[in-house]
Amino acid sequence: MQRNATTQYPILLVHGLFGFESIGNIALFHGIKQALRQAGARVFIPYLSATHSNELRGEQLLAQIDRVLAGTGAAKINVIGHSQGALAARYAAAMQPKKVASVTSVSGPNHGSELADYLRKALIPDRLPEHVAATVATLFAEFLSLLSGHPQLPQNAIAALNALTTESVGTFNDKYPQGLPNTWGGTGKELVNGVRYFSWSGILKGSLVDEGPNLFDPLHSLCRAFSRYFTTEAEENDGLVGRYSSHLGTVIRSDYPLDHMDTINQTAGLVRKGVDPVDLYVQHAERLRNLGL
Ligand code: CA
């Protein structure tokens, strides 16, 4: 079927990768930019440099938005942020609402990440029993290694986690509440200061053997391992972010059978059968188009 995602405003796909910028050979948003372009959208992927605060990353995003506006002649931008990218997008829209047509959070830790809370403790000596801390730190190092190709914890690991804990995102939310739900698990306002807000995300479902191609994705195994460290949303998380923590604006759906990396079609298209994370972006671009955005 011919898709029509010719949105009025260009789309910016903002990566998060949980605060880590060194992503080696992984193509961000695997196959997603191409699918959106095939459906007629203008798509850009800004690269935000390694800084730790959501505000600083948001400022960098604003500079990139200005460049795309100048380059395309468009009046506004549709911003889609994955993971921490959602927080940068929210910041940009809060500061410059006239330049942003919509903010869409994909697997965004909009109320913080319980995994970040736990890792933060594990990476500080004497906060957790030593064997627990060692296990968690090893899992985390493995995760970073798969993302970045570097086996060691980067220097900025703790600092980056600070930006994603429940506490620090709570402080961020006090300053930039646009689009957040008023009740835990609810939806937020669809339209704030002329900016439309949307979100979607997934959760881990069933056992690993049900996952099909994801069985062969080491990042999926790690998401399942991380999932054990959640308490508030123990049964409903994607390995890095809890279901309700991801809610922002109109919640398109927050229980797709997708882990945190599946929602950007990683690793390299290895996702559960029966759900197409790439098509979710094309559907959303069509949704934006139908809204005149
Ligand atoms: Ca996967």
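In listed order, ligands and their atoms are each counted from 1. Please read all numbers here as calculations on a predicted model, not as lab measurements.
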Is the distance between the Ca ion (ligand 1) and the nearest N/O/S atom of D262 smaller than 3.0 Å?
yes
With rounding to 10 degrees, D217 OD2, the Ca ion (ligand 1) and L270 O define an angle of 100°
Are W200 and H284 close enough that their ring centres sit under 6.0 Å apart?
yes
Give the C-alpha distance, both sets of side-chain angles, the deciding distance and a yes or no for ring pair (Phe, Tyr, Trp, His ring centres under 6.0 Å) between W184 and H247.
CA-CA 9 Å; W184 182 240; H247 281 197; 8.1 Å; no
Check whether any N, O or S atom of M261, backbone or side chain, sits closer than 3.0 Å to the Ca ion (ligand 1).
no
Between N214 and the Ca ion (ligand 1), is there a contact where an N/O/S atom of the residue lies under 3.0 Å from the metal?
yes
Salt-bridge present (E211, K205; N to O < 4.0 Å)
no
Counting the benzene-type ring for Trp, do F143 and F226 have ring centres under 6.0 Å apart?
yes
Of all the atoms in V271, is at least one N, O or S atom closer to the Ca ion (ligand 1) than 3.0 Å?
no
Say whether, by atom type as modelled, one donor and one acceptor occur between the side chain of R243 and the main chain of G202 under 3.5 angstrom.
no
